[in-house]
Participant: 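The following block contains the structure, expressed as structure tokens.
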Amino acid sequence: MRVTLLGTGDTTGTPTVGCACTTCTVARERGVSRSRFSVHVANERTDESLLIDFSPDFRSQFLDNDVSLPDAGLVTHVHFDHLDGLGNVYRLVDGLPVHAPSETDPATDESVAETIRAKYDYLEDRIGVHSRDPFEPFETCGLEARFVPVDHPPMRCYGVVIEDPETGAKLSLTGDTSYDVPERSRAALADPDLLLADAIVPASLCDRHPIGGRHEGPDGVPRTFGSKHMTREGALALADELDADRTRLVHLAHFYPADEAFAEPLAVDGETYEL
Ligand SMILES: [Zn+2]
Ligand SMILES: [Zn+2]
Ligand SMILES: [Zn+2]
């Protein structure tokens, strides 16, 4: 499978509109971008492709990258930066199965699948929303996919595991999550060829969050920023624990200091990986 990182930024992206911080300035100078989150997975065997999350930047992402329109989609949770691009498929595709988790979220009283059905009812004849139980593998685009619960309070959110049954290649995404990923989900995410891990800011910025950092490692460094996202240090600790062959940090904020913002293994838009 061929994985293209279409969007590697957090909810405002980098550069952030109207922001003149050094990181946004350097990004503009270098012509690099971290748009809102989305990952394209092409199965070259079947000539099909899968989109993980629908970024509000869908249009520019598909113009800027040499990728085909998706044959199916997956949605990890209903935050704006992961879902609001779905309206872009209007008049672009004839039929698009969208797979989404089936569990009812007490915060919304709906499952992710139900929220999508309600919000995009005008796409009823273009998309078919398929409810998927966490941990239950399903087939899409010739690949095997699973949603695994993660920790993104107060909202339910899911990581994703994609495996190629022919080659054994494995892609794991943490989704938006704190370091407090449940044990069963860690087991499902383990041993990937490529891990995409939420690393919104470095741990050094935790004192800027109203509730600070949490889930300190043995070195006392917080692995969670606030309650919703991993720090860079948390994402790297998780990658280590999962024994990932390769790790790219994603969902990155412009708050990274400029001298750290473009260092390895922080991803930028447009990176591609062959698994
Ligand atoms: Zn900025
Ligand atoms: Zn989120
Ligand atoms: Zn997000």
Side-chain angles (χ1 to χ4, degrees), residues 5-39 51-58 61 73-86 100-101 103 105-108 110-113 115-116 119 147-160 173-181 185 196-202 204-205 208-209 211 224-232 234-235 238 248-263 266-269:
L5 311 188
L6 296 179
T8 57
D10 70 339
T11 192
T12 68
T14 303
T16 288
V17 172
C19 184
C21 79
T22 316
T23 298
C24 287
T25 305
V26 169
R28 286 187 193 97
E29 283 167 2
R30 294 193 194 170
V32 297
S33 175
R34 290 183 173 135
S35 61
R36 275 70 64 85
F37 189 80
S38 186
V39 175
L51 192 66
I52 303 172
D53 283 341
F54 288 82
S55 169
D57 298 308
F58 179 103
Q61 291 173 344
L74 261 66
V75 176
T76 60
H77 67 306
V78 300
H79 273 154
F80 150 83
D81 50 326
H82 299 258
L83 175 60
D84 279 20
L86 184 55
E103 281 180 319
D105 186 339
T108 59
E110 287 180 333
S111 65
V112 175
T115 302
I116 298 170
K119 199 166 170 179
F147 288 106
V148 301
V150 291
D151 181 55
H152 192 49
M155 187 156 274
R156 287 283 166 93
C157 181
Y158 301 81
V160 174
L173 292 86
T174 66
D176 284 14
T177 186
S178 81
Y179 184 73
D180 193 20
V181 175
S185 299
L196 304 177
D198 171 5
I200 196 157
V201 293
S204 58
L205 297 188
R208 292 217 211 148
H209 194 286
I211 64 165
T224 293
F225 177 69
S227 62
K228 293 184 188 351
H229 297 278
M230 287 188 282
T231 60
R232 173 184 58 197
L238 184 69
R248 300 306 287 167
L249 303 185
V250 296
H251 210 278
L252 306 167
H254 67 130
F255 301 118
Y256 270 91
D259 60 340
E260 298 175 39
F262 306 102
L266 278 65
V268 294
D269 290 3

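Just so you know, ligand 1 is whichever comes first in the structure, and atom 1 is the first atom listed for that ligand.
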Participant: Checking side-chain hydrogen bond (donor to acceptor under 3.5 Å, both in side chains) for the pair D151/S178: CA distance, chi angles, key distance, verdict?
Facilitator: CA-CA 6 Å; D151 181 55; S178 81; 2.5 Å; yes
Participant: Take D269 and T8 through the side-chain hydrogen bond (donor to acceptor under 3.5 Å, both in side chains) test and state the conclusion after the steps.
Facilitator: CA-CA 6 Å; D269 290 3; T8 57; 2.8 Å; yes
Participant: Any N/O/S atom, backbone or side chain, of D81 lying under 2.8 Å from the Zn ion (ligand 2)?
Facilitator: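 Within the cut-off used here (under 2.8 Å), D81 places no N, O or S atom near the Zn ion (ligand 2).
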Participant: Is H77 close enough to the Zn ion (ligand 3) to have an N, O or S atom under 2.8 Å?
Facilitator: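 No - counting backbone and side chain alike, H77 has no N, O or S atom under 2.8 Å.
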Participant: Let me check your reading of the structure: within less than 2.8 Å of the Zn ion (ligand 2), is there an N/O/S atom from H79?
Facilitator: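 H79 does place an N, O or S atom closer than 2.8 Å to the Zn ion (ligand 2).
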Participant: Under a 4.0 Å N-O cut-off, is there an ion pair linking D84 with K119?
Facilitator: yes
Participant: In H82, which N, O or S atom comes closest to the Zn ion (ligand 3)?
Facilitator: NE2
Participant: The Zn ion (ligand 3) and D176: any N/O/S contact shorter than 2.8 Å?
Facilitator: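 Short answer: yes, at least one N, O or S atom is under the cut-off.
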Participant: Which is the closest N/O/S atom of H254 when seen from the Zn ion (ligand 1)?
Facilitator: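 Looking only at N, O and S atoms of H254, the one nearest the Zn ion (ligand 1) is named ND1.
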Participant: Indicate the ring-plane relationship of H79 and H77, choosing parallel, tilted or perpendicular according to the 30° and 60° boundaries.
Facilitator: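 Correct class here is perpendicular.
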Participant: Any donor-acceptor pair under 3.5 Å linking the side chain of D176 with the backbone of H152?
Facilitator: no
Participant: At the Zn ion (ligand 1), what is the angle formed between atom SG of C21 and atom SG of C24, rounded to the nearest 10°?
Facilitator: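 Taking the Zn ion (ligand 1) as the apex, I get 110° for this pair.
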Participant: Classify the ring geometry of H251 against H229: parallel below 30°, tilted from 30° to 60°, perpendicular beyond 60°.
Facilitator: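 Ring orientation of H251 relative to H229: parallel.
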